[in-house]
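Structure first, then comments.
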Amino acid sequence: MKRTLLLLSTLLGLVPAPRLSAQFFAFGQNKIQYRDFDWRVRKGPHVDIYYYPAEAELASVALDYAEASYDTLALRFGHEAGARIPLIVYASHVDFEQTNVLPFTPPEQLLGATDFLKRRVTLPFRGSLAEFRHTLRHELTHVFQLSIPTEAYYQSPRGGQVQL
């Protein structure tokens, strides 16, 4: 019996410990920003595009894609988003890694992200307009998915009312 326990504890000692989530984030440290971005805004009827001069040409294309996607999603969901949608576009993944929208450094495979609290959409341009358009529509779908239950909550008889 003692021999079995000794063998079992020795084998468990050889298994590497899993990476803890506390080791994933750099607690109390800011992300390194290698350059300052001169942000500009281009406004559409429903979406605000935030871009910097390196993406000036893409900004108008992104705004067209975003507004077309918004119109399509509004028809499909039968819903209009309650607020304007901020869309932050980066010229490359290296620039995207410096974003302060996400609490972590985005991995190379991440094509875009939607901030669930502030409903901001952030995505890098990786060279393919088809991929960019697909990712933009995907992220706007998340905005609609978040907007629908929020609106339903505020329209319900007890939504947003505090009774004393």
Side-chain angles (χ1 to χ4, degrees), residues 19-156 159-160:
R19 185 175 177 164
L20 300 176
S21 61
Q23 295 171 340
F24 183 71
F25 297 107
F27 180 74
Q29 296 182 6
N30 293 328
K31 288 186 197 176
I32 296 173
Q33 290 196 333
Y34 300 102
R35 56 183 260 195
D36 291 328
F37 298 108
D38 180 22
W39 290 104
R40 313 244 168 106
V41 181
R42 188 167 287 178
K43 295 182 180 254
H46 306 100
V47 179
D48 295 336
I49 301 286
Y50 292 85
Y51 67 99
Y52 47 97
E55 284 301 310
E57 288 183 31
L58 183 65
S60 61
V61 173
L63 186 59
D64 291 341
Y65 283 168
E67 289 297 338
S69 294
Y70 182 94
D71 293 340
T72 301
L73 293 170
L75 285 173
R76 286 189 183 167
F77 285 111
H79 173 78
E80 295 282 332
R84 298 185 63 75
I85 303 168
L87 176 65
I88 304 162
V89 179
Y90 287 92
S92 67
H93 189 80
V94 173
D95 291 349
F96 181 51
E97 288 177 349
Q98 299 176 47
T99 186
N100 287 329
V101 173
L102 303 174
F104 57 90
T105 301
E108 189 73 32
Q109 301 85 8
L110 188 64
L111 302 179
T114 301
D115 180 3
F116 278 37
L117 293 177
K118 296 183 180 178
R119 313 274 164 82
R120 295 177 291 189
V121 176
T122 309
L123 62 152
F125 180 67
R126 297 169 25 124
S128 169
L129 285 174
E131 178 186 77
F132 184 77
R133 182 178 184 181
H134 177 77
T135 304
L136 195 145
R137 180 164 294 178
H138 174 88
E139 296 303 328
L140 286 178
T141 302
H142 290 309
V143 172
F144 274 85
Q145 289 173 331
L146 294 167
S147 177
I148 290 171
T150 302
E151 183 178 315
Y153 172 76
Y154 286 117
Q155 288 181 354
S156 70

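Between the OH atom in Y65 and the CG atom in L140 there is a gap of 13.5 Å [rounded to 0.5 Å]. Rounding to the nearest 0.5 Å gives a distance of 6.0 Å between NE2 of H46 and CG of D71. Atom CD of E80 sits about 6.5 Å away from atom CZ of F144, to the nearest 0.5 Å. In this structure, the separation between OG on S69 and NE2 on H138 is 12.5 Å, given to the nearest 0.5 Å. Y51 OH to D38 CG: the interatomic distance, rounded to the nearest 0.5 Å, is 9.5 Å. Rounded to the nearest 0.5 Å, atoms CG (L129) and CG (L136) are 11.5 Å apart.
Looking at T122, its side chain never comes within 3.5 Å of a backbone N or O of I88 through a donor-acceptor pair.
Shown here are the ring-ring contact (aromatic ring centres under 6.0 Å, His included) partners of Y50, two or more places apart in sequence or in another chain: there are none. Residues passing the side chain to side chain contact (heavy atoms under 4.5 Å, CB included) test with H134, sequence neighbours excluded: none. Not a single salt bridge (Lys or Arg N to Asp or Glu O under 4.0 Å) links E67 to another residue, sequence neighbours left out. Residues satisfying the salt bridge (Lys or Arg N to Asp or Glu O under 4.0 Å) criterion with R42, sequence neighbours excluded, are absent altogether. With sequence neighbours left out, A62 forms a side chain to side chain contact (heavy atoms under 4.5 Å, CB included) with I49, V89, F132.
For CZ of R137, the number of neighbouring non-hydrogen atoms (other residues, nucleotides, ligands) closer than 6.0 Å is greater than 12.
Using a 4.5 Å cut-off on side-chain heavy atoms (C-beta onward), L87 and L123 make contact.
Residue pairs that meet the salt bridge (charged side-chain N to carboxylate O under 4.0 Å, His left out) test with at least one member in residues 44-53, sequence neighbours left out, are K43-D48, D48-R84.
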